[in-house]
Amino acid sequence: MTSKERAYWRGQANSLEPIIQIGKEGISDNLITQIDDTLDVRELIKIRVHLETAPLSPREFADKLGEVLGADVIQVIGGIIVLYRKADKERIAEKKKKRGSGTAKATAKKKVKIKGKRQRQREKEAKNPYAVYDRPKFRGR
């Protein structure tokens with residue numbers, strides 16, 4: 001990555017908020033998976049390192065994450081790391097295939113049709129002919 005590209009991404013990262021935090025646990029498999037998924041969606045992310053509790057320095061974390069994830073380290077300032085990785089549609093599609101089309105719970109969702117007050121009243125009247133009297137009377141002025 002050239003210095004001009006890095007400068008461009010630094011400028012884009014100024015408005016971002018850190019969405020991932022690294023604390024006393026350091027880098028775990030779950031954290032790497034989470035950052036990997038986030039990079040697939042956003043391409044550019046900020047990570048906050050809690051300096052008091054983290055076992056390594058932010059620069060060491062950034063180097064490890066960049067190496068493991070194949071991401072470019074844009075900058076490390078204080079406890080903030082900025083990572084960039086171009087989204088690869090083929091790799092994302094492969095990950096989706098590995099995970100499956102979705103859980104049974106997600107695919108078994110039923111469609112809910114929201115009924116209005118008048119439609120509910122008509123259905124009530126169709127079931128019970130005496131329900132017609134439940135309608136509020138219109139009183140003209």
Side-chain angles (χ1 to χ4, degrees), residues 1-2 4-141:
M1 176 175 281
T2 66
K4 287 193 177 197
E5 290 173 333
R6 187 169 282 113
Y8 171 76
W9 289 115
R10 262 197 320 264
Q12 294 297 313
N14 280 338
S15 62
L16 295 178
E17 291 293 321
I19 56 173
I20 296 174
Q21 298 180 6
I22 300 176
K24 64 181 177 183
E25 297 294 321
I27 298 175
S28 65
D29 293 335
N30 289 337
L31 181 72
I32 290 173
T33 304
Q34 182 182 10
I35 294 172
D36 188 37
D37 292 343
T38 307
L39 282 170
D40 286 341
V41 174
R42 297 186 180 212
E43 292 186 344
L44 183 70
I45 62 170
K46 270 188 182 179
I47 301 170
R48 175 171 305 245
V49 177
H50 294 282
L51 300 173
E52 299 83 29
T53 59
L56 300 174
S57 71
R59 173 48 76 183
E60 292 169 337
F61 278 128
D63 292 339
K64 282 187 179 182
L65 288 173
E67 183 180 322
V68 170
L69 298 169
D72 293 319
V73 178
I74 301 300
Q75 73 179 358
V76 178
I77 295 181
I80 303 293
I81 300 170
V82 179
L83 294 178
Y84 169 77
R85 183 177 70 193
K86 185 166 176 59
D88 183 13
K89 292 181 181 180
E90 294 174 5
R91 189 170 42 83
I92 294 169
E94 287 177 21
K95 284 170 82 175
K96 284 184 179 179
K97 284 181 184 176
K98 284 182 184 177
R99 291 183 183 161
S101 61
T103 62
K105 194 174 191 179
T107 56
K109 282 186 178 177
K110 63 179 183 178
K111 293 185 179 179
V112 177
K113 186 175 180 186
I114 299 172
K115 299 176 183 177
K117 187 175 181 181
R118 288 183 182 158
Q119 186 175 0
R120 288 193 309 264
Q121 182 66 33
R122 278 189 225 114
E123 289 175 0
K124 187 176 177 184
E125 289 173 5
K127 289 179 186 175
N128 182 4
Y130 296 108
V132 176
Y133 300 113
D134 290 351
R135 278 192 186 172
K137 305 274 189 219
F138 176 73
R139 296 181 185 165
R141 292 187 177 176

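Counting begins at 1 with the first residue of the sequence.
The shortest heavy-atom contact between P55 and G23 is CD-O, 3.6 Å. Minimum interatomic distance between A54 and V49 (heavy atoms only, all atoms of both residues): CB-CG1, 3.7 Å. Residue L51 comes nearest to G78 through the heavy atom pair CD2-O, 4.4 Å, listed as atom of the first residue, atom of the second, then distance. Minimum heavy-atom separation, G66 to V73: CA-CG2, 4.5 Å.
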With side chain to side chain contact (heavy atoms under 4.5 Å, CB included) as the test, would you mind laying out the steps for Y84 and Q12 before giving the verdict?
-> CA-CA 11 Å; Y84 169 77; Q12 294 297 313; over 6 Å; no
List the steps, then state whether salt bridge (charged side-chain N to carboxylate O under 4.0 Å, His left out) holds for R6 with D72.
-> CA-CA 9 Å; R6 187 169 282 113; D72 293 319; 5.6 Å; no
So Q121 and E125, side chain to side chain contact (heavy atoms under 4.5 Å, CB included) or not? Walk me through it.
-> CA-CA 6 Å; Q121 182 66 33; E125 289 173 5; 3.4 Å; yes
Give the C-alpha distance, both sets of side-chain angles, the deciding distance and a yes or no for side chain to side chain contact (heavy atoms under 4.5 Å, CB included) between D36 and R91.
-> CA-CA 11 Å; D36 188 37; R91 189 170 42 83; 3.9 Å; yes
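Note: I32 CD1 to L65 CG = 6.5 Å, rounded to the nearest 0.5 Å. In this structure, CD1 on I74 lies 6.5 Å from CG on L44, to the nearest 0.5 angstrom. Between the CZ atom in R122 and the NZ atom in K115 there is a gap of 11.5 Å [rounded to 0.5 Å]. In this structure, R42 CZ and L83 CG are separated by 13.5 Å, a value rounded to the nearest 0.5 Å. A distance of 10.5 Å separates CZ of R59 from CD1 of I77, quoted to the nearest 0.5 Å.
Within 6.0 Å of CG on D29 lie no more than 12 heavy atoms contributed by other residues, nucleotides or ligands. In this structure, E25 places its CD atom where only 12 or fewer heavy-atom neighbours from other residues, nucleotides or ligands lie under 6.0 Å away. Heavy-atom contacts from other residues, nucleotides or ligands closer than 6.0 Å to CZ of R10 number more than 12.
Between I45 and L39, some side-chain heavy-atom pair lies under the 4.5 Å cut-off.
Evaluated for a side chain to side chain contact (heavy atoms under 4.5 Å, CB included) with I35, the options N30, I20, I19, D40 yield exactly one hit, I20.
Under the 3.5 Å distance criterion, the side-chain polar atoms of Q21 are left unmatched by any main-chain donor or acceptor of R48. Between the R85 side chain and the G70 main chain, no donor and acceptor come within less than 3.5 Å of each other. Side chain of K46 to backbone of I80: no donor-acceptor contact under 3.5 angstrom is found.
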